[in-house]
Amino acid sequence: MPANPTPAAIPRKYGRQSLLLISLLSALTVVAWLFLLDLAQRMAAPGGMLEMAMEGMPMPWTIRDAVLMFAMWSIMMVGMMVPSATPMFLLYQQTIRKRLPTDQRNLALLLFCSAYLLVWSGFSLLATLLQWLLDQQALLSMNMRSQSQWLATAFLLCAGLYQFVPAKRACLRHCQSPLQFLLGYWRPGPSGAWHMGLAHGLYCLGCCWALMGVLFVVGLMNLLWVALIGAYVLLEKYLPAGGWLSRMSGLLLVLWGLLVLHSS
């Protein structure tokens, strides 16, 4: 059995298993968004976090708060990133139909998807830690957005300038071509699926991590912006002009950051 899959080994048509995978990923995305909508409503409800903040009540973090914020970040990443990763998941599923024994396929697919999500869970842990550190310095409001124009400027300039660095372009190229990723990183068996899922997750993280800092500027529970960033990530990965879109968005983010700085 050759080490790398060939294009001929990859079926072109979706079958029943592919439709099932699409359904499962769609359901996972919908559940993630329902959780975020429910959390946003709870925060804005009478007696919720926002009302308590308006009354000047202190809100120190507890273990429960930390777990809730980590869950919020993790589920937010599922809602934002799973749609853009679905083409890769589908292509991998189709590839292993020809490359792996029947009894290994489901496990390999599960490990591939789980490894990808684990990478974003790790990012969510770091984002939760950053949120806690900023909150301890009173740099975040109770609706979880920056109260410092200097901090907002830093997030926006970081997100904008990162769109131009070679690491961003390299990661974006891997994300834009699922087939080329499989050809270059194919490893057989369930253990190979795990390592490939981690590799793809890291490339995806390398492509998008800086954009998540924009949420600290507009508000972590600003679901309109969460949806816009998720849609942008999808377009950047799969539009033919994704590279051009990346540079244009970088320029806009830099200009936004300079405007915030100028208004300080």
Side-chain angles (χ1 to χ4, degrees), residues 28-84 117 119-160 162-163 204-205 207-234 236 249 252-253 256-257 259-260:
L28 182 62
T29 303
V30 169
V31 169
W33 275 96
L34 289 175
F35 173 87
L36 293 174
L37 288 169
D38 179 68
L39 181 59
Q41 290 174 355
R42 288 176 182 273
M43 291 178 59
M49 292 177 64
L50 296 183
E51 183 177 286
M52 295 174 70
M54 294 176 62
E55 295 174 355
M57 298 179 65
M59 292 290 292
W61 279 44
T62 64
I63 294 178
R64 178 179 177 275
D65 294 328
V67 171
L68 179 61
M69 290 300 102
F70 173 68
M72 180 199 74
W73 275 103
S74 298
I75 296 173
M76 188 185 297
M77 293 305 102
V78 170
M80 295 173 72
M81 304 310 301
V82 165
S84 67
L117 294 176
V119 171
W120 281 105
S121 295
F123 169 81
S124 298
L125 182 61
L126 294 177
T128 302
L129 178 60
L130 175 60
Q131 181 186 346
W132 176 78
L133 290 172
L134 295 176
D135 196 54
Q136 294 300 298
Q137 299 299 317
L139 293 173
L140 296 181
S141 65
M142 289 306 299
N143 60 357
M144 295 180 285
R145 61 179 298 178
S146 172
Q147 297 190 111
S148 165
Q149 290 176 309
W150 288 96
L151 180 63
T153 298
F155 276 120
L156 292 171
L157 291 182
C158 176
Y162 185 72
Q163 298 294 88
C204 190
L205 177 62
C207 184
C208 306
W209 68 270
L211 290 172
M212 303 306 168
V214 176
L215 294 176
F216 283 100
V217 180
V218 299
L220 298 183
M221 287 305 297
N222 188 329
L223 297 189
L224 175 60
W225 271 95
V226 172
L228 288 174
I229 294 174
Y232 169 81
V233 168
L234 180 64
E236 185 184 55
S249 65
L252 291 174
L253 287 167
W256 185 4
L259 285 174
V260 171

Response to the item:
Of T29, L117, V233, the one forming a side-chain contact (heavy atoms from CB on, under 4.5 Å) with M81 is V233

Practice prompt. Identify which one of Y232, Y162, F155 satisfies the side-chain contact (heavy atoms from CB on, under 4.5 Å) criterion when paired with L211.
Written response: Y232

Atom [atom1] in [X], atom [atom2] in [Y]: separation rounded to 0.5 Å?
| X | Y | atom1 | atom2 | result |
| --- | --- | --- | --- | --- |
| F35 | I75 | CZ | CD1 | 4.0 Å |
| I229 | L234 | CD1 | CG | 14.0 Å |
| S84 | E236 | OG | CD | 10.0 Å |
| L39 | L68 | CG | CG | 5.5 Å |
| W120 | L205 | CH2 | CG | 5.0 Å |
| L134 | L151 | CG | CG | 5.5 Å |

Discussion item. Taking atom CG as the centre, does L224 end up with more than 12 heavy-atom neighbours from other residues, nucleotides or ligands that are less than 6.0 angstrom away?
Written reply: yes

Which atom of [X] lies closest to which atom of [Y], heavy atoms considered:
| X | Y | answer |
| --- | --- | --- |
| C158 | A210 | O-CB, 4.2 Å |
| S124 | M77 | OG-CG, 3.5 Å |
| A32 | G79 | CB-N, 3.9 Å |
| L253 | G160 | CB-CA, 3.6 Å |
| L157 | G257 | CD2-CA, 4.3 Å |
| S141 | Q147 | N-CG, 3.4 Å |

Taking the side chain as C-beta and beyond, is there a heavy-atom pair between [X] and [Y] under 4.5 Å?
| X | Y | result |
| --- | --- | --- |
| V226 | W33 | yes |
| D38 | L34 | no |
| M69 | L220 | no |

Item to complete: Say whether, by atom type as modelled, one donor and one acceptor occur between the side chain of D135 and the main chain of W132 under 3.5 angstrom.
Response: no

Discussion item. Run N222 and R145 through side chain to side chain contact (heavy atoms under 4.5 Å, CB included) and show every step you take.
Written reply: CA-CA 9 Å; N222 188 329; R145 61 179 298 178; over 6 Å; no

Worksheet item: So, do W73 and F216 have ring centers that fall under 6.0 Å from each other?
Response: yes

Discussion item. Walk me through whether F70 and V67 qualify under side chain to side chain contact (heavy atoms under 4.5 Å, CB included).
Written reply: CA-CA 5 Å; F70 173 68; V67 171; 5.7 Å; no

